[in-house]
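Let me begin by presenting the structure, written as structure tokens, before commenting on it.
Numbering of residues begins at 1 and proceeds along the displayed sequence. The model shown is predicted, which means the values in this text are computed figures rather than measured ones.
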Amino acid sequence: MENKTVDILIITALSEELNVLRRYLPLNEKVQSLSCQLTYDTGPLQTEKEGVFYLCAATCLFDMGNAGSGVGAANAIRDLNPSYVFMFGIAAGIEGEVELGDVILPTHVFYFELAKLKPNEVEIRPQSFQTDMLLRNKLSDFASTYSAGHNIKFGPFAVGEKVVAETVAVEKLKKAEPKLIGIEMETYGVARAAADMLYRPRFIAIRGVSDYADENKDDGYRELALGNAAQFMTSFLKTGLLPKEKPKLTASEINDTLLAIHHLSMNKRSSVKANLHNDVLGYLGLEFKEIFIDQTDLFTNGVLVNPTAALKLQNDFMEQLNSFIDVYPSSRIGYFGLAHIPLMFHAGYQVNRQKVKVFATNRQTGDWIPLKQTGRGPALRLTEESAEKSSLEAGDVVVRVSVSFPVRKEQIHGIVDQPLASFHLSLANPWPDIVKSEEQLDKYTQKFYDLLVEIHSRYPNRRQIHLFMSAPPTVVFRFGQQVSKTIDPEILVYNYSNKDHPAYGWAINIATDEVLDFRSTDFGD
């Protein structure tokens, strides 16, 4: 068999799930993979739009759990090069949020097996993964007009390696994600496989609720749940709402596009293009695609009242960015940030090694301005204040960065007890608008990266780095890009505000997406 390109790939983990699909979709041709043991049921699905059909394929992985589903999904995606991937089947629902027989779709999935072992508890440290925004939007629009005797609901899924059949376990997961609607065992692996492909397909899961993951778990609702999910999915596909292929673009549209990340957590501003300064680098002639991270509604009376909610708002911007990159692969990326330092650092960490042009702000006019290409600027110096401890001990490291204003030792006194070492990256005379050029920014960035490497080499048992920064957005974002997602320890980036008590009132753990709020006032969700 010569493997073919399909529009839609549907993946199941159980044979009963695939058997139900065969009753709803015209999957009349069976083909064998050339590269693995998978078999595909394929066939064309005629939609309600004249002349529009989808070539569909469905396969059963016969492998529960995320490791097996990830490997199987990766093989199927390589074989068939689909535009869209659906995970289909049954899942446990959260009682009170959904009912048995409902159809549930994930806005995001979190993998709950990652954890920290503490003396008296296991602390879940979930890794979150967004499903595709285009699919979510189109399915949500369709669901609003879909008439059935059950509900269609979107929300977070918890995904692990174990069958959950205990109320206590469900309550622990709900503490990690209060809006949880579903629990299952394969979607995270399939989502990761789809995201790791060079030409990544769009991905979402559609599941029927067969039980509540409690002590009463049984098989009584499996057939109903699968039938409802299959009916909903096939009804949606038959509308022909999904574009059959990516838009065909001209060379100028592909190469002359700026993907503008517009990040605000304090004061609202109009579009990036409307506030871009003189067209010294030809940016005004580009096609602008704006990716907006708007956290300003959470900024009240000069205080970001809910940094946890703010972080959640920016956690899906990478999905938007990658969706644009899929369509505009040769586009440029720009970062336009006026946000709190932990949030901008986290955005840089999310973008990581991608090439991004960072823009500064003219304080007098409010315009966005590009940095000059050359210009040395004052040197960023490194000083070390080591504690009388062995570098092989376990402990934390403190890093201060003084570029815009001084970060003084007395300001952070008592926040970190007896660190292994303290480092200070500083200018002789800090100033808010001191970074003028790409050359200067590159040198500062290299200094910070070298410090991370030194900490990694000298302190093998380091636990966390506590980072206290005063720097312009260009520096903060670029520093965040330097953090390795596999090598560096957990980095806690602290926010300073003279309206908070204490002034360093909250921080973000960049690796875990955990917000630590030390302020005396309750700013909970």
Side-chain angles (χ1 to χ4, degrees), residues 341-342 344-346 348-349 352-353 376-432 434-435 437 439-496 502-512 516 518:
I341 281 178
M344 293 190 294
F345 191 97
H346 188 273
Y349 172 76
N352 220 252
R353 297 296 193 261
R376 302 187 59 156
L380 189 64
R381 306 170 303 180
L382 174 65
T383 56
E384 180 179 354
E385 302 144 353
S386 296
E388 294 181 2
K389 289 186 175 185
S390 166
S391 63
L392 297 180
E393 287 189 43
D396 293 356
V397 175
V398 169
V399 175
R400 291 181 289 138
V401 178
S402 301
V403 176
S404 296
F405 297 97
V407 178
R408 306 186 190 279
K409 285 194 292 185
E410 56 268 23
Q411 291 176 303
I412 66 171
H413 178 72
I415 296 178
V416 183
D417 293 329
Q418 298 182 326
L420 284 176
S422 296
F423 296 91
H424 190 197
L425 286 170
S426 64
L427 300 179
N429 297 294
W431 192 257
I434 204 163
V435 178
S437 73
E439 179 184 2
Q440 182 184 1
L441 179 59
D442 288 345
K443 287 184 177 180
Y444 291 0
T445 301
Q446 186 64 49
K447 198 81 172 179
F448 179 69
Y449 175 78
D450 291 343
L451 176 57
L452 292 179
V453 173
E454 182 177 352
I455 293 171
H456 173 74
S457 301
R458 288 176 54 189
Y459 301 95
N461 296 313
R462 69 214 175 280
R463 289 191 295 250
Q464 294 178 326
I465 294 175
H466 298 260
L467 180 59
F468 303 86
M469 292 188 72
S470 177
T474 53
V475 174
V476 176
F477 181 85
R478 188 61 55 80
F479 277 23
Q481 287 187 276
Q482 308 313 304
V483 178
S484 169
K485 297 186 177 183
T486 57
I487 296 175
D488 289 316
E490 295 181 2
I491 297 181
L492 276 64
V493 184
Y494 289 77
N495 187 76
Y496 176 88
Y504 280 103
W506 57 274
I508 293 177
N509 186 323
I510 300 301
T512 66
L516 297 90
F518 313 107

Just how far is it from atom [atom1] of [X] to atom [atom2] of [Y], taken to the nearest 0.5 Å?
X: Ile508; Y: Leu467; atom1: CD1; atom2: CG; value: 12.0 Å
X: Ile510; Y: Glu490; atom1: CD1; atom2: CD; value: 10.5 Å
X: Leu382; Y: Leu425; atom1: CG; atom2: CG; value: 5.0 Å
X: Leu451; Y: Ile465; atom1: CG; atom2: CD1; value: 7.0 Å
X: His466; Y: Asn509; atom1: NE2; atom2: CG; value: 9.0 Å
X: Arg376; Y: Glu439; atom1: CZ; atom2: CD; value: 6.5 Å

Minimum heavy-atom distance between [X] and [Y], given as atom pair plus value:
X: Arg462; Y: Val397; result: CB-CG2, 4.5 Å
X: Ala428; Y: Arg381; result: CA-NH2, 3.6 Å
X: Tyr459; Y: Ala421; result: OH-CB, 3.2 Å
X: Pro472; Y: Val435; result: CG-CG2, 4.0 Å
X: Phe405; Y: Pro432; result: CZ-CG, 3.5 Å
X: Glu454; Y: Phe423; result: OE2-CE2, 4.2 Å

Run the side-chain contact (heavy atoms from CB on, under 4.5 Å) test on Val401 and Val407 for me, step by step, so that the C-alpha distance in whole Å, both residues' side-chain angles and the decisive distance to 0.1 Å come before the verdict.
CA-CA 7 Å; Val401 178; Val407 178; over 6 Å; no
Would a distance-only check, ignoring hydrogens and angles, find a side-chain to backbone donor-acceptor pair under 3.5 Å from [X] to [Y]?
X: Glu385; Y: His424; result: no
X: Ser470; Y: Ser402; result: no
X: Asp396; Y: Pro419; result: no
X: Arg478; Y: Thr445; result: no
X: Asn352; Y: Val483; result: yes

So with a 6.0 Å cut-off around [atom1] of [X], is the heavy-atom count from everything else above 12?
X: Tyr504; atom1: OH; answer: yes
X: Lys409; atom1: NZ; answer: no
X: Arg353; atom1: CZ; answer: yes

Between Phe448 and Phe479, what is the ring plane arrangement, given parallel below 30°, perpendicular above 60°, and tilted in between?
parallel
Once the angle between the rings of Phe518 and Tyr494 is folded into 0 to 90°, is it parallel (under 30°), tilted (30 to 60°) or perpendicular (over 60°)?
parallel
Please examine the side chains of [Y] and [X], heavy atoms only from C-beta on, and report whether any two atoms are closer than 4.5 Å.
X: Gln411; Y: Phe468; answer: no
X: Gln464; Y: Pro489; answer: no
X: Tyr444; Y: Leu427; answer: yes
X: Gln482; Y: Asp488; answer: no

Apply side-chain contact (heavy atoms from CB on, under 4.5 Å) to Arg458 and Glu384, showing your working.
CA-CA 13 Å; Arg458 288 176 54 189; Glu384 180 179 354; 2.7 Å; yes
Under a 3.5 Å cutoff, is there a donor and acceptor pairing between the side chains of Asp450 and Gln446?
yes
Decide yes or no on side-chain contact (heavy atoms from CB on, under 4.5 Å) for His346 and Val493, but give the supporting numbers first.
CA-CA 9 Å; His346 188 273; Val493 184; over 6 Å; no
Checking side-chain contact (heavy atoms from CB on, under 4.5 Å) for the pair Ile487/Leu452: CA distance, chi angles, key distance, verdict?
CA-CA 10 Å; Ile487 296 175; Leu452 292 179; over 6 Å; no
